[in-house]
Amino acid sequence: MDLRDSDVEAVFRAELRGWLERTLPELPDAPARDDWPARVAYDTDWQRRLFEAGYAGVSWPKEYGGRDASPGEQLVFLEETTRARAPYVGVNFVGTLHAGPTLIAEGTEAQKDAHLPKILRGDEVWCQCFSEPDAGSDLAGLTTRAVRDGDDYVVTGRKIWCSFGHIGRFGELLVRTDPEAPKHKGITWLILPMDLPGIEVRPIETLLGSSEFCEVFLDEVRVPVEQRVGAENDGWRVTNVTFSFERGTAFVSEMVDGLRLAEELAPSVSDPAERRELAHVIAELDALWALTKRNVTQAAASGAPGPGAMMLKLGYSEARDRLGELSMRVLDRGAFDVGDYAVEERLRTLSLPIAAGTSQIQRNIIGERLLGLPKERPWPRTER
Ligand SMILES: Cc1cc2nc3c(=O)[nH]c(=O)nc-3n(C[C@H](O)[C@H](O)[C@H](O)COP(=O)(O)OP(=O)(O)OC[C@H]3O[C@@H](n4cnc5c(N)ncnc54)[C@H](O)[C@@H]3O)c2cc1C
């Protein structure tokens with residue numbers, strides 16, 4: 001791809017830069033991490049401003065409120081919002097970055113009409129109800145049951161680690177619809193309205209004292225069949241569409257935040273070995289930014305990010321983990337003056353090699369699906 005701006009991209013860049021310069025100073029102060037009503041208000045307000053200015057869902061089709069932007073314009077959007085330190089998607093993460101794109105790829109027209117414009121306007125916060133206490137890495141082993149009864153699925157089971165579960169209006173839900181079929185072939189992907197009777201959401205407090213995640217208990221919840229995305233028992237294929245977006249470009253902010261932290265840390269690192277470590281991390285984050293550009297181009301060409309998505313997730317989470325560890329060593333010597341922020345970032349980034357598929361699982365996927373290596377031996381805890 002040509003990384004220089006075309007005439008159209010240059011105009012888009014100039015307009016966006018001007019809009020950001022005018023709009024960012026008007027924003028209120030960012031809310032505290034654990035003030036959820038304020039976080040929802042702040043993040044959805046930002047989303048609405050983007051929408052009204054024509055910058056929400058730049059890659060989404062125009063008919064659903066997006067911009068139908070070219071890959072080049074999508075990259076300009078990422079670069080300019082990053083450069084200006086604009087707010088990131090926040091609570092709109094699931095909706096804008098993977099639920100919406102999954103509906104665009106797999107949803108019915110009625111589902112697209114019902115949700116896509118609202119997601120883009122910041123009117124609908126989504127969450128993801130995939131993991132279960134005994135089905136995380138081995139997600140296809142999930143046991144939440146859905147039994148067809150007339151025009152409804154009756155769903156019973158338990159989900160865990162559901163980010164934004166306590167504020168989400170809709171959830172991406174995976175259920176088992178055929179318990180007799182091989183495990184990957186009996187799963188269905190449903191849209192879960194979070195206010196249905198029989199749903200109980202219990203927040204889990206994290207290391208940082210905030211309640212990012214929830215357990216979600218489902219007791220004979222009647223989910224209308226029209227909320228199904230894709231065919232019954234074809235949910236594993238749809239899930240992989242969701243993952244390709246979630247692991248593809250959704251976490252761009254992690255690279256950008258990492259580069260910022262590295263820049264702030266650099267003047268305090270005097271030890272030659274640590275300077276080399278820092279330089280390695282910065283070079284990796286730079287390379288991952290280039291890979292992001294490639295993923296965006298491939299996603300635009302084929303509808304979903306290519307193999308680079310698998311590399312990106314593994315790459316940024318490991319690079320951020322090493323950067324966090326290095327920042328704590330420097331902080332420990334009292335040489336670094338962004339104490340609270342660096343410590344919070346360190347605690348938060350500990351979760352990155354686990355979220356959205358652990359590093360071990362990403363390595364298995366890369367080994368087996370990209371490199372064609374022999375399949376892993378059965379893991380002792382499951383029948384994989
Ligand atoms: C910040 C964060 C946000 C999250 N948000 C959501 C969300 O919104 N919705 C949701 O549904 N889930 C969410 N999750 C859950 C996440 O997807 C799971 O934690 C993850 O898939 C791992 O599953 P587990 O926790 O059950 O660990 P386990 O699967 O029990 O794994 C434990 C350890 O065993 C290793 N392991 C397991 N199987 C293998 C194998 N075959 N080969 C090699 N090693 C293996 C793992 O790598 C890991 O180190 C989130 C997690 C985090 C940390």
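By convention here, the first residue in the shown sequence is residue 1. In each ligand, atom 1 is the first atom listed, and ligand 1 is the first ligand listed.
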Exercise for the section: Tell me, please: is Phe164 in heavy-atom contact with ligand 1, that is, under 4.0 Å? Expected result: no
Problem - Residue selection (non-hydrogen contact nearest atom 31 (O) of ligand 1) among Ser137, Ala355, Pro133 - result: Ser137
Problem - For atom 3 (C) of ligand 1, the option (of Phe93, Phe213, Trp126, Trp161) bearing the nearest heavy atom - result: Phe213
Problem - Presence of salt bridge, Glu80 and Arg13, under 4.0 angstrom - result: yes
Handout entry: Ring center gap for His115 and Trp126 short of 6.0 angstrom
Key = yes
Handout entry: Shared hydrophobic cluster for Val91 and Val94 (ILVMFWY, side-chain gaps under 4.5 Å)
Key = yes
Exercise for the section: Tell me which part of Leu139 gets within contact of ligand 1: side chain, backbone, both or neither, using heavy atoms under 4.0 Å. Expected result: neither
Exercise for the section: Answer yes or no: is there a donor N or O on one side and an acceptor on the other, between the side chain of Lys159 and the main chain of Phe130, under 3.5 Å? Expected result: yes
Completion exercise
In ligand 1, the atoms that come under 4.0 Å of a heavy atom of Ile354 are 19 (O), 20 (C), 53 (C)
Problem - Contact atoms of ligand 1, heavy-atom distance to Thr358 under 4.0 Å - result: 22 (C), 46 (C), 47 (O)
Problem - Of the listed options Ser131, Cys129, Ser317, closest to atom 18 (C) of ligand 1 (non-hydrogen atoms) - result: Ser131
Practice task
Answer with side chain, backbone, both or neither: which part of Glu212 has a heavy atom less than 4.0 angstrom from an atom of ligand 1?
Solution key: neither
Handout entry: Cation-pi, Trp36 ring and Arg39 (6.0 angstrom, 45 degrees)
Key = yes
Handout entry: Ring-face cation of Arg158 near Phe217 (centre distance under 6.0 Å, axis angle within 45°)
Key = no
Handout entry: Atoms of ligand 1, numbered as shown, that sit under 4.0 Å from any heavy atom of Glu376
Key = 40 (C), 41 (N), 42 (N)
Exercise for the section: May I ask you to check if ligand 1 and Ser351 share an N or O to N or O distance below 3.5 Å? Expected result: no
Practice task
For the residue pair Arg85 and Thr82, establish whether any side-chain heavy-atom pair is separated by less than 4.5 Å.
Solution key: no
Problem - Distance filter under 4.0 Å to Gln128 heavy atoms, resulting ligand 1 atoms - result: 7 (C), 8 (O), 9 (N), 10 (C), 11 (O)
Handout entry: ligand 1 versus Ile361: contacting region, heavy-atom distance under 4.0 Å
Key = side chain
Problem - Donor-acceptor contact below 3.5 Å, side chain Asp152 vs main chain Val154 - result: no
Completion exercise
side-chain contact (heavy atoms from CB on, under 4.5 Å) with Lys183: of Leu139, Thr143, Asp138, only one passes, and it is Asp138
Exercise for the section: Run the numbers for me: atoms of ligand 1, each under 4.0 Å from some heavy atom of Phe130, listed by number. Expected result: 11 (O)
